[in-house]
2 protein chains.
Amino acid sequence: MIKPRTPTGVMELLPRDQIAFQRMLDTIRRIFEGFGFLPIETPVFELSEVLLTKSGGETERQVYFAQSTGTLEKAEEGLPELALRFDLTVPLARYVAEHEHALAFPFRRYQMQRVYRGERAQRGRFREFYQCDIDVIGKDALSPRHDAEIPAVIHAVFDALDIGDFTIQFNHRKLLRGWFEGQGIAGDAQLAVLREIDKLGKRGEDAVRATLAGEGFGLSSGVIDHLLAFSRVRSRGHDDALAQLDALGAGTPLFEEGRDELREVLHRLKALGVPESRYAINLSIARGLDYYTGIVYETTLDAHPGIGSICSGGRYDNLASHYTRSKLPGVGISIGLTRLFWQLREAGLVATADSSVDVLVTLFDDAGLDHALGLSQQLRAAGLNVETQLEPRKLGKQMQYADRAGIRFVVIRGDDEAARDVVAVKDLRRGEQFEVADADLARTLLVEREQWRALGQGAG
Amino acid sequence: MIKPRTPTGVMELLPRDQIAFQRMLDTIRRIFEGFGFLPIETPVFELSEVLLTKSGGETERQVYFAQSTGTLEKAEEGLPELALRFDLTVPLARYVAEHEHALAFPFRRYQMQRVYRGERAQRGRFREFYQCDIDVIGKDALSPRHDAEIPAVIHAVFDALDIGDFTIQFNHRKLLRGWFEGQGIAGDAQLAVLREIDKLGKRGEDAVRATLAGEGFGLSSGVIDHLLAFSRVRSRGHDDALAQLDALGAGTPLFEEGRDELREVLHRLKALGVPESRYAINLSIARGLDYYTGIVYETTLDAHPGIGSICSGGRYDNLASHYTRSKLPGVGISIGLTRLFWQLREAGLVATADSSVDVLVTLFDDAGLDHALGLSQQLRAAGLNVETQLEPRKLGKQMQYADRAGIRFVVIRGDDEAARDVVAVKDLRRGEQFEVADADLARTLLVEREQWRALGQGAG
């Protein structure tokens, strides 16, 4: 006998939690499609040679390799042929380069799949998790206007997910690097400083100040003051965001370019009708990844800053330089849904869902089975999800089962009801019972379900 | 520069094919949920020790193992810790055993995920493919009534997928083994004979006859005649199925038990309203897998028998004997959707889908952008999928793009239209153009879309 268990670092859910998770995936997909993003899926494994083009580091150490039994036995030299994707960005780069001539640009794709990282086992760290990504990829060039549409998508997603107030915060790499330039910090040192600024939230100002003043950086305390003052800039509302940008004073051409692009984004966000309470400028956001070159986004839940960013991304200059000579600039974001779901559950912000089953058709004796089967099929044809009780049980047991399973309607047909061609319906959500003619049952339940949804009482 | 490419044996689709595939997945899910099956998802990797409980054979040789870089470097002895699932049945067994006390039985679950097999590279063979499974798992016992609901699900799925006429064929292991018993074939020899019968379709009667007469079996030609006559039984229609079962004559108790269960299934299928042209008894179906113990199903497309079974399964006595002492009998089926989709495309039975984008909002000059953004958001709020053209281009180019992308509606707002608060809409599917007030646009397009769907013209 082997103990049934999953590896550590994966999230496996019971059905009612799976339904809640699936509804979040469905909502995200609906919004992504609403904004005209097209679906793609890529294989879970890529050729190692293709996947691991980038120069080593943390990512490469965390990669999973896949080997079939036959390959294992051969024990070949070097890396195994196949590796599991660790994000959806490298597969996207490979996909766009491989299918370049069959795609129309700007190419707007969404992708919602699991990715794999050999993380050390730790509570809240996952070795398998969903990413829900959108990216817009241009050929040769991509207007900064696309940068403004992305926060409109983020807004629509989290508005629809209904998990509390949130703020989409953004900054701009050109603004940051232009500011550093203005302080006499040039070239590679800019990226190094950027990575320190990115740690402000975790390490605090004093620690970052010490690092920037210390060996390797050696920045003067005046320069550090300027950097920290800059990083403290936060806007409140649309006009304040524009005013704060103005208040930064004149800067280098790179700085001005970044500022102009941010102004354009703010302007278009208004045209897109995104409420001004939902977005803010936050000049401490750097996003550690080297490949961002323009706007960068982070999104936080107002009441739960500790959860950190729930949706991040930004603009990059060239998606697929390892695979094609074409220049493919893009902008995109990613939602790590597994971790988000886990955190929302920990914080009590998502509840176990009601069942995906709308109706339980009960059964008291074998003679009633054919009728129960026919009635169930009628309800299904009308679009309801129906479970038929196939073996007779006491009503109390069947009612208890429906209640525990989160099934809303229980359809009951005893001898009395059968004689009158009606059924009794117990609505476990409203705690009511009513009678309805067989022929009217489907319509009645559909109307009830629609009314409940219209009241914003969830998808059940 | 590295050549962008996928490993062999995976199916990667361009967006419009991905949309077609996604619609099939959505349809299958809708039907599974309609019959009250609950969703679960399991991790792509399981502990090798847990996954590979069964005694070796083909399956084990085809398993993929996963190792992170760190583990690879350590080069441990024995099998790697993690292995990728090769079907959804073993993970289901592990899941049910692990969560037994949190689940209600009969447990009805559906699962639609990818599985992995280290197949040799070959056209039409996949190393990564979707399986769409349903199973009903009982505790201690499970009524044969559940056997009848499964073909009703199969019928609803393939009716909804609309890929041509199909026949759900079934047989019964007890009927088969009872028949063998009646011919004096006992014990393990029954399974061996069963595996030969299963090859009739591929090898033909003469070859199978030779095997059964030869060494190892040594059956008399009289017995072989009886076996082959039995295996030729096919029914046409409901009453014929019952008559053919009657015509088999009296048999052993095991045989009678199988026949009674088949009669019950036929009876309940009628109550479920499944058209009699959709199901038939086919006594040659054996399903090679040893674990089936009762009814077995195969489904074939009437016009494409060469594709083979597109949905198979059956009844088994005990799902999870490796993981729990509880007896968990069940019945289920699996659709290998990746292979099916590939074959349907090869046979020209599925077309590239129209875009998931309903509307392209065009743009002629920068001054029109804010209006285009606002209008797009209005349409999205109404439930339409909208792509906004963010950079001005010639109308011809924008129209051509929409046409190639499979987008149905193109919304045009030139100076003339702007002056009158209307937009022109080009309906690329009907080849018509009309004008509509801004305020009425969303409603008009929704009505058009609904009408098209009602005409059965696809989900676009």
Side-chain angles (χ1 to χ4, degrees), chain A residues 2 4-7 10 12 14-15 18-19 22 33-34 36 38-45 47 49-50 53 60-61 63-70 72 82 94 97-99 102 104 118 128 143 145-146 268 271-273 322-323 356-357 370 373-374 377 380 385-387 390-391 401 405, chain B residues 2 4-7 10 12 14-15 18-19 22 33-34 36 38-45 47 49-50 53 60-61 63-70 72 82 94 97-99 102 104 118 128 143 145-146 268 271-273 322-323 356-357 370 373-374 377 380 385-387 390-391 401 405:
Chain A
I2 288 158
R5 62 205 193 280
T6 53
V10 303
E12 181 170 88
L14 288 170
Q18 184 66 44
I19 292 166
Q22 185 63 49
E33 292 194 349
L38 301 174
I40 73 165
E41 289 195 340
T42 61
V44 77
F45 41 48
L47 294 165
E49 180 201 13
V50 172
T53 53
E60 186 155 349
R61 283 202 289 114
V63 166
Y64 277 109
F65 295 94
Q67 287 174 281
S68 65
T69 321
L72 264 187
L82 302 174
R94 194 267 308 146
E98 181 174 348
H99 305 295
E128 172 186 66
S143 158
R145 289 169 181 186
H146 293 275
R268 302 300 173 192
L272 283 156
H322 295 291
Y323 308 126
S356 48
V357 180
D370 283 357
L373 293 174
Q377 291 285 73
R380 286 178 191 127
N385 295 341
V386 183
E387 178 177 348
L390 295 182
E391 292 177 275
Y401 164 70
Chain B
I2 288 158
R5 62 205 194 280
T6 53
V10 303
E12 181 169 89
L14 288 170
Q18 184 66 43
I19 292 166
Q22 186 62 49
E33 292 194 348
L38 300 174
I40 74 165
E41 289 195 339
T42 62
V44 76
F45 41 49
L47 294 165
E49 180 202 12
V50 172
T53 54
E60 186 155 347
R61 282 202 288 114
V63 165
Y64 278 108
F65 295 93
Q67 286 175 281
S68 66
T69 322
L72 265 187
L82 302 174
R94 194 267 309 145
E98 182 173 348
H99 305 295
E128 173 186 65
S143 159
R145 289 170 180 184
H146 292 276
R268 302 301 174 192
L272 283 156
H322 295 291
Y323 308 126
S356 50
V357 180
D370 282 356
L373 293 174
Q377 291 286 73
R380 285 177 192 129
N385 295 341
V386 183
E387 179 177 347
L390 295 181
E391 291 177 274
Y401 164 70

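Every chain is numbered from 1, with letters handed out A, B, ... down the list of sequences.
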Distance, nearest 0.5 Å, that separates CD1 of A/I2 from CZ of B/R94: 13.0 Å
Proximal component of A/Y401, with respect to chain B [non-hydrogen, under 4.5 Å]: side chain
Contact winner vs chain A - B/E41, B/E33, B/E387, heavy-atom pairs under 4.5 Å: B/E41
Residue B/V386 versus chain A: region with a heavy atom under 4.5 Å: both
Shortest non-hydrogen contact from B/T6 toward A/E98: N-OE1, 3.6 Å
For B/Y64 against A/S68, the heavy-atom pair lying closest together: CD2-N, 3.4 Å
For B/E49, salt bridge (Lys or Arg N to Asp or Glu O under 4.0 Å) partners two or more places apart: A/R5
Top contributor to chain B contacts, counting heavy-atom pairs under 4.5 Å, from A/P7, A/A66, A/A405: A/P7
Contacting region of B/L82 [heavy-atom separation from chain A under 4.5 Å]: side chain
Region of B/Q22 that comes under 4.5 Å of a non-hydrogen atom in chain A: side chain
Which portion of A/R380 sits near chain B, non-hydrogen atoms under 4.5 angstrom: side chain
Largest heavy-atom contact set with chain A, pairs under 4.5 Å, which of B/G374, B/P15, B/G273: B/P15
Contact winner vs chain A - B/T42, B/I40, B/L272, heavy-atom pairs under 4.5 Å: B/L272
Partner chain A: residue of B/S143, B/A104, B/S356, B/A97 with the largest heavy-atom pair count (under 4.5 Å): B/S143
Approximate separation, where rounding is to 0.5 Å, of A/R145 CZ and B/E391 CD: 6.5 Å
Over all atoms of both residues, closest heavy-atom pair of A/V10 and B/P43: CG2-CG, 3.5 Å
Residue pair B/Y323 / B/V50: nearest heavy atoms and the distance that separates them: OH-O, 2.5 Å
Residue selection (most heavy-atom pairs with chain A, distance under 4.5 Å) from B/L38, B/L390, B/I19: B/L390
